[in-house]
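Heads up, the thing below is written out as structure tokens.
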Amino acid sequence: MCEGRMVEKGAEAMTTLEIDKKLARFLHPTWYLTTVTNGKTKKTWKQFVDPKENELVDWNPSEDMRSAWEVAEHIGLIRLESFLDGTWLATCGPYRSWGKTAPLAICQAAIEAFEGSKSDE
């Protein structure tokens, strides 16, 4: 379930939803977002849809470690470290990123790796 909390990284700030959307474009380009509504509570949220399977996908790597690990395996994550202050560092080759959680660190390093590899070509 993608809700979109703000995440600050340097001068750039993205919501968790923006992070998930960016990663989905790299890893699952056919997926799209839809709005889902709970019939009882009327609460709405964004969730990805896999058009090949025609089903909702529970995938939010910026907040969920299982989804983040898929991203880590795809980019070839080399190292994931936790520190006493509660922060995390994810390293993929020359790309490093700090995060308040392991999934955020992984996702931010992945975005840097994807965008960096595009500019390196």
Side-chain angles (χ1 to χ4, degrees):
M1 175 169 48
C2 304
E3 294 183 9
R5 288 182 286 121
M6 288 299 292
V7 176
E8 291 191 33
K9 181 174 187 311
E12 181 183 334
M14 289 193 296
T15 66
T16 54
L17 180 58
E18 290 169 332
I19 291 169
D20 293 348
K21 284 170 44 177
K22 190 172 269 201
L23 290 170
R25 282 195 299 271
F26 290 119
L27 298 173
H28 304 289
T30 61
W31 287 9
Y32 62 91
L33 277 174
T34 190
T35 301
V36 179
T37 304
N38 180 308
K40 287 185 177 182
T41 65
K42 305 298 184 212
K43 180 181 178 188
T44 63
W45 64 90
K46 298 286 186 186
Q47 194 162 351
F48 286 100
V49 176
D50 180 351
K52 291 179 187 172
E53 302 296 326
N54 196 28
E55 65 184 14
L56 293 172
V57 181
D58 185 21
W59 192 79
N60 57 330
S62 64
E63 297 179 342
D64 172 58
M65 192 59 190
R66 182 178 44 86
S67 301
W69 202 251
E70 175 193 342
V71 174
E73 288 176 339
H74 188 85
I75 64 169
L77 184 72
I78 296 170
R79 187 178 205 143
L80 182 63
E81 301 174 73
S82 65
F83 293 84
L84 292 175
D85 66 356
T87 59
W88 290 80
L89 175 64
T91 306
C92 172
Y95 306 102
R96 299 167 40 127
S97 186
W98 292 89
K100 292 180 181 179
T101 65
L104 276 176
I106 291 168
C107 290
Q108 291 172 163
I111 290 170
E112 289 181 22
F114 285 129
E115 291 177 345
S117 65
K118 278 182 153 181
S119 65
D120 294 342
E121 294 173 352

query = With sequence neighbours excluded, what pairs up with Glu73 under the side-chain contact (heavy atoms from CB on, under 4.5 Å) test?
reply = Trp69

ask   = Listed by chain and number, what are the side-chain contact (heavy atoms from CB on, under 4.5 Å) partners of Val36, not counting sequence neighbours?
value = Thr34, Trp45, Gln47, Leu56

For a 4.5 angstrom cut-off between non-hydrogen side-chain atoms, does [X] reach [Y]?
{"X": "Val49", "Y": "Trp31", "answer": "no"}
{"X": "Ile19", "Y": "Ile111", "answer": "yes"}
{"X": "Trp88", "Y": "Leu104", "answer": "no"}
{"X": "Met65", "Y": "Ile106", "answer": "yes"}
{"X": "Arg66", "Y": "Asp58", "answer": "yes"}
{"X": "Ile75", "Y": "Tyr95", "answer": "no"}
{"X": "Asp50", "Y": "His28", "answer": "no"}

ask   = Is there a path of hydrophobic side-chain contacts, each under 4.5 Å between heavy atoms of I, L, V, M, F, W or Y residues, that connects Ile78 with Trp98?
value = no

Verify, without hydrogens or angle tests, whether [X] (side chain) and [Y] (backbone) share a donor-acceptor contact under 3.5 angstrom.
{"X": "Asp20", "Y": "Ser62", "result": "yes"}
{"X": "Asn38", "Y": "Thr41", "result": "yes"}
{"X": "Glu63", "Y": "Pro103", "result": "no"}

If I compare all heavy atoms of [X] with all of [Y], which pair ends up nearest, and what's the gap?
{"X": "Ala105", "Y": "Gly99", "value": "CB-N, 3.7 Å"}
{"X": "Ala109", "Y": "Ser97", "value": "N-CB, 3.4 Å"}
{"X": "Glu18", "Y": "Met14", "value": "OE1-CA, 3.1 Å"}
{"X": "Glu70", "Y": "Trp59", "value": "OE1-NE1, 2.8 Å"}

Roughly how far, to the nearest 0.5 Å, is the [atom2] atom of [Y] from the [atom1] atom of [X]?
{"X": "Glu112", "Y": "Thr91", "atom1": "CD", "atom2": "OG1", "answer": "10.0 Å"}
{"X": "Glu115", "Y": "Lys22", "atom1": "CD", "atom2": "NZ", "answer": "4.0 Å"}
{"X": "Leu80", "Y": "Leu89", "atom1": "CG", "atom2": "CG", "answer": "8.0 Å"}

ask   = Does any donor atom in the side chain of Thr35 or Lys46 lie under 3.5 Å from an acceptor atom in the other side chain?
value = yes

message = Could you walk me through whether Asn60 and Thr16 satisfy the side-chain contact (heavy atoms from CB on, under 4.5 Å) test, starting with their C-alpha distance in whole Å, then the side-chain angles of each, then the deciding distance to 0.1 Å, before giving a yes or no?
response = CA-CA 8 Å; Asn60 57 330; Thr16 54; over 6 Å; no

note = For His74, the ring-ring contact (aromatic ring centres under 6.0 Å, His included) test, sequence neighbours excluded, returns Phe114

